[in-house]
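Heads up: the structure comes next, in structure tokens.
Because the structure is predicted, anything quoted here is derived from the model rather than measured.
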Amino acid sequence: MVVTGCHEAAYGHFVQEFCFSRFKSDMGTLRQTLWCDWEKTFGWYGELINCTFLIATKLDCYWPNKLVDEFFIGIHQHYFKSCPVSGRSLHDPPNTVLCPFIVVPIFVTLLMTAVVVWRSKRSEGIV
């Protein structure tokens, strides 16, 4: 009976050689101030995840595993440590979205107040 398993040293080497080198090259094309722009880095990050998964599959390693976790912690500590938690900076929505959420409740409140006042002045027919 032959038992094969994950060769962690080879896995770590291949991840560094094939996955990280490509990711590092791609991130090098961006200014450091744009590293937190998820729209610009999402594709490269997805390729990095896929690369680590494919290598794990080829080497009969479980994925995710301890090496992958440590690898991605290192990636985040280097490239994304100063990014906001949400992945992008927060800002107000555009006025075309914000105004209806403010104006409509105000008008509904005024309308309901007017209906209550109007109905309280009309006393006939109320038992």
*What pair of heavy atoms forms the shortest contact from Pro105 to Thr109, and how long is it?*
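Distance-wise, the nearest heavy atoms are O-OG1, 2.8 Å.
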*So, for Leu59 and Tyr11, which heavy atoms are closest and what is the spacing to 0.1 Å?*
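The pair with the smallest heavy-atom distance is CD1-CA, 3.6 Å.
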Rounded to the nearest 0.5 Å, how far apart are [atom1] of [X] and [atom2] of [Y]?
| X | Y | atom1 | atom2 | answer |
| --- | --- | --- | --- | --- |
| Glu8 | Lys66 | CD | NZ | 8.0 Å |
| Leu67 | Glu70 | CG | CD | 6.0 Å |
| Phe14 | Cys61 | CZ | SG | 10.5 Å |
| Met27 | Lys40 | CE | NZ | 12.0 Å |
| Trp63 | Leu54 | CH2 | CG | 10.0 Å |
| Phe20 | Ile75 | CZ | CD1 | 5.0 Å |

*Quick one: are Asn65 and Val68 in side-chain contact, heavy atoms under 4.5 Å?*
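Asn65 reaches Val68 side chain to side chain.
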_Check: Arg22 and Glu47 side chains under 4.5 Å, non-hydrogen atoms_ =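 Side chain of Glu47 against side chain of Arg22, heavy atoms only: contact under 4.5 Å found.
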_Listed partners of His13 passing ring-ring contact (aromatic ring centres under 6.0 Å, His included), at least two apart_ =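 ring-ring contact (aromatic ring centres under 6.0 Å, His included) list for His13, sorted by chain: empty.
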_Which residues pass the ring-ring contact (aromatic ring centres under 6.0 Å, His included) test with Tyr79, not counting sequence neighbours?_
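Counting only residues at least two positions away or on another chain, Tyr79 forms a ring-ring contact (aromatic ring centres under 6.0 Å, His included) with Phe23, Trp35.
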_When you measure from the side chain of Ser25 to the backbone of Ser21, do you find a donor-acceptor pair of N or O atoms at a distance under 3.5 Å?_
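Pair absent, no side-chain N/O of Ser25 close to backbone of Ser21.
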*Is a side-chain N or O of Tyr62 found less than 3.5 angstrom from the main chain of Cys6, in a donor-acceptor match?*
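Looks like no, no N/O pair under 3.5 Å.
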*With sequence neighbours left out, write down each residue that passes salt bridge (charged side-chain N to carboxylate O under 4.0 Å, His left out) with Glu17, or none if nothing qualifies.*
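Result, salt bridge (charged side-chain N to carboxylate O under 4.0 Å, His left out) vs Glu17: none returned.
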*Is there a path of hydrophobic side-chain contacts, each under 4.5 Å between heavy atoms of I, L, V, M, F, W or Y residues, that connects Val115 with Phe107?*
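Cluster IDs for Val115 and Phe107 differ.
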*asked:* Are Leu110 and Ile102 linked, directly or through intermediate hydrophobic residues, by side-chain heavy-atom contacts shorter than 4.5 Å (ILVMFWY only)?
replied: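 Ile102 and Leu110: one cluster.
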*Evaluate whether atom CG of Asn95 has more than 12 neighbouring non-hydrogen atoms of other residues, nucleotides or ligands under 6.0 angstrom away.*
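No, not enclosed.
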*asked:* Tell me if the NE2 atom of His7 is crowded by more than 12 foreign heavy atoms within 6.0 Å.
replied: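 No, not enclosed.
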*From the options Thr52, Asn50, Ile49, select the one residue that forms a side chain to side chain contact (heavy atoms under 4.5 Å, CB included) with Cys19.*
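Exactly one candidate clears the test, Thr52.
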_Taking the ring of Phe72 and the ring of Tyr45, is the distance between their centroids below 6.0 Å?_
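Ring centres of Phe72 and Tyr45 closer than 6.0 Å.
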